[in-house]
Amino acid sequence: MFRTDDPAEYRRSCNELRLTGPVAFVPTMGALHEGHLTLMREAKRRAKHVAVSIFVNPTQFGPNEDLALYPRDLPGDLDKCRSVGVDVVFTPEPRSMYLPGEATRVGVEALTDELCGASRPGHFDGVCTVVSKLFCLTGECTAVFGQKDYQQLKVIQRMVADLFLPVEVVGHPIVRESDGLAMSSRNRYLDPEERTRALSLSEGLSRASLAFSEGERAPRALETLVTECLQSAGAVIDYVSCADPERLSRLPDAARPERALLAVAAFVGKTRLIDNRVLPDEAELAVVAGAGA
Ligand code: AMP
């Protein structure tokens, strides 16, 4: 496995790999867990070569967010990448991704108006900017993104289509702990008591999913099932939205959708967690991994 923190060297390495077969790419912020590794295995299934980036991108964090505290474990991450057969790992420093005098931002409209876009102003401009830089360096590839960040996946697909980037973006189902908690690097922040309360996100979504399967279609009723579950666990709700799965806009009261995105963001203690489910439920991977995240 080759590792570099130099953009030009990373570009060269991807170009070289492409001489002997296609490249699949998994961008990450590190602190890798089984969710990330599942994406990398999927990348390996789809292409001969796998490239991974590990970069905690400063421009996608708001001023009061957890950039400085974001978990970092480069040696552990490199071992994990090696264990799933990654070919090249790109680990740039912020100064080489954002050159002196840099003045370019990439943004996607409309799809970023609601959900995390509404509660994290500027977040998706940061994401689109860094992902477009990473795509430019990686070159033609299949890029694998998790549906855990459902809005991010849709935004990146829109950006790639609009900019004619030579990238096929594929989504991968959410990877969960055995008890249902969506895997996340931020789960490391949770103490055992918070870890238990964090289950209210996936449990609320499961209750709503069950209600949907039994015929409930009212968006506000589905949202209420999630909200009540979060509140009874003492989670502080950022949003709970029953939304159009393509446009991401919140469905009106009178809608009776055949398909809906149920998305949630909530604080458990100081940790902001997100989760979602597309109803009716699409196959989700239940990964058996010990409950202590
Ligand atoms: P991050 O390091 O959090 O920026 O995530 C990097 C990629 O891994 C993104 O495409 C995420 O959607 C994906 N990812 C993170 N957690 C999960 C999970 N539990 N299941 C599936 N994909 C995930």
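In each ligand, atom 1 is the first atom listed, and ligand 1 is the first ligand listed. For the single chain, residues carry numbers from 1 onward in sequence order.
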Answer yes or no: does an N/O atom from [X] fall short of 3.5 Å to an N/O atom of ligand 1?
X      : answer
Leu39  : no
Met183 : yes
Pro27  : no
Val175 : yes
His36  : yes
Thr28  : no

Approximate separation, where rounding is to 0.5 Å, of Asp6 CG and Leu137 CG: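 Those atoms lie 9.5 Å apart.
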Donor-acceptor list for residues 108-117 side chains, cut-off 3.5 Å, not counting sequence neighbours:
residue : atom : partner : partner atom : Å
Thr112  : OG1  : Val108  : O            : 2.7
Glu114  : OE1  : Arg250  : N            : 3.0

Partner set under ring-ring contact (aromatic ring centres under 6.0 Å, His included) for Tyr98, not counting sequence neighbours: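 Not a single residue meets the ring-ring contact (aromatic ring centres under 6.0 Å, His included) criterion with Tyr98.
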For [X], does the [atom1] atom have more than 12 heavy-atom neighbours from other residues, nucleotides or ligands under 6.0 Å away?
X      : atom1 : result
Glu140 : CD    : no
Arg95  : CZ    : no
Arg82  : CZ    : yes

Quick one: which ligand 1 atoms are inside 4.0 Å of a heavy atom on [X]?
X      : answer
Ile174 : 20 (N), 21 (C)
Pro173 : 21 (C)
Phe145 : 10 (O)

For [atom], what is the closest protein heavy atom, and at what distance to 0.1 Å?
atom                    : result
atom 11 (C) of ligand 1 : Asp149 OD2, 3.1 Å
atom 22 (N) of ligand 1 : Gly146 CA, 3.4 Å
atom 23 (C) of ligand 1 : Lys148 CB, 4.0 Å
atom 4 (O) of ligand 1  : Met29 CG, 3.5 Å

His33 heavy atom under 4.0 Å from ligand 1: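 His33 counts as a contact of ligand 1 under the 4.0 Å cut-off.
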Sub-4.5 Å side-chain heavy-atom contact between Gln152 and Phe124: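 In contact.
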Parallel, tilted or perpendicular: ring planes of Phe90 versus Tyr10, cut at 30 and 60 degrees: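 Aromatic pair Phe90/Tyr10 classed parallel.
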Basic-acidic side-chain contact under 4.0 Å: Asp244, Arg259: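 No, this pair does not count.
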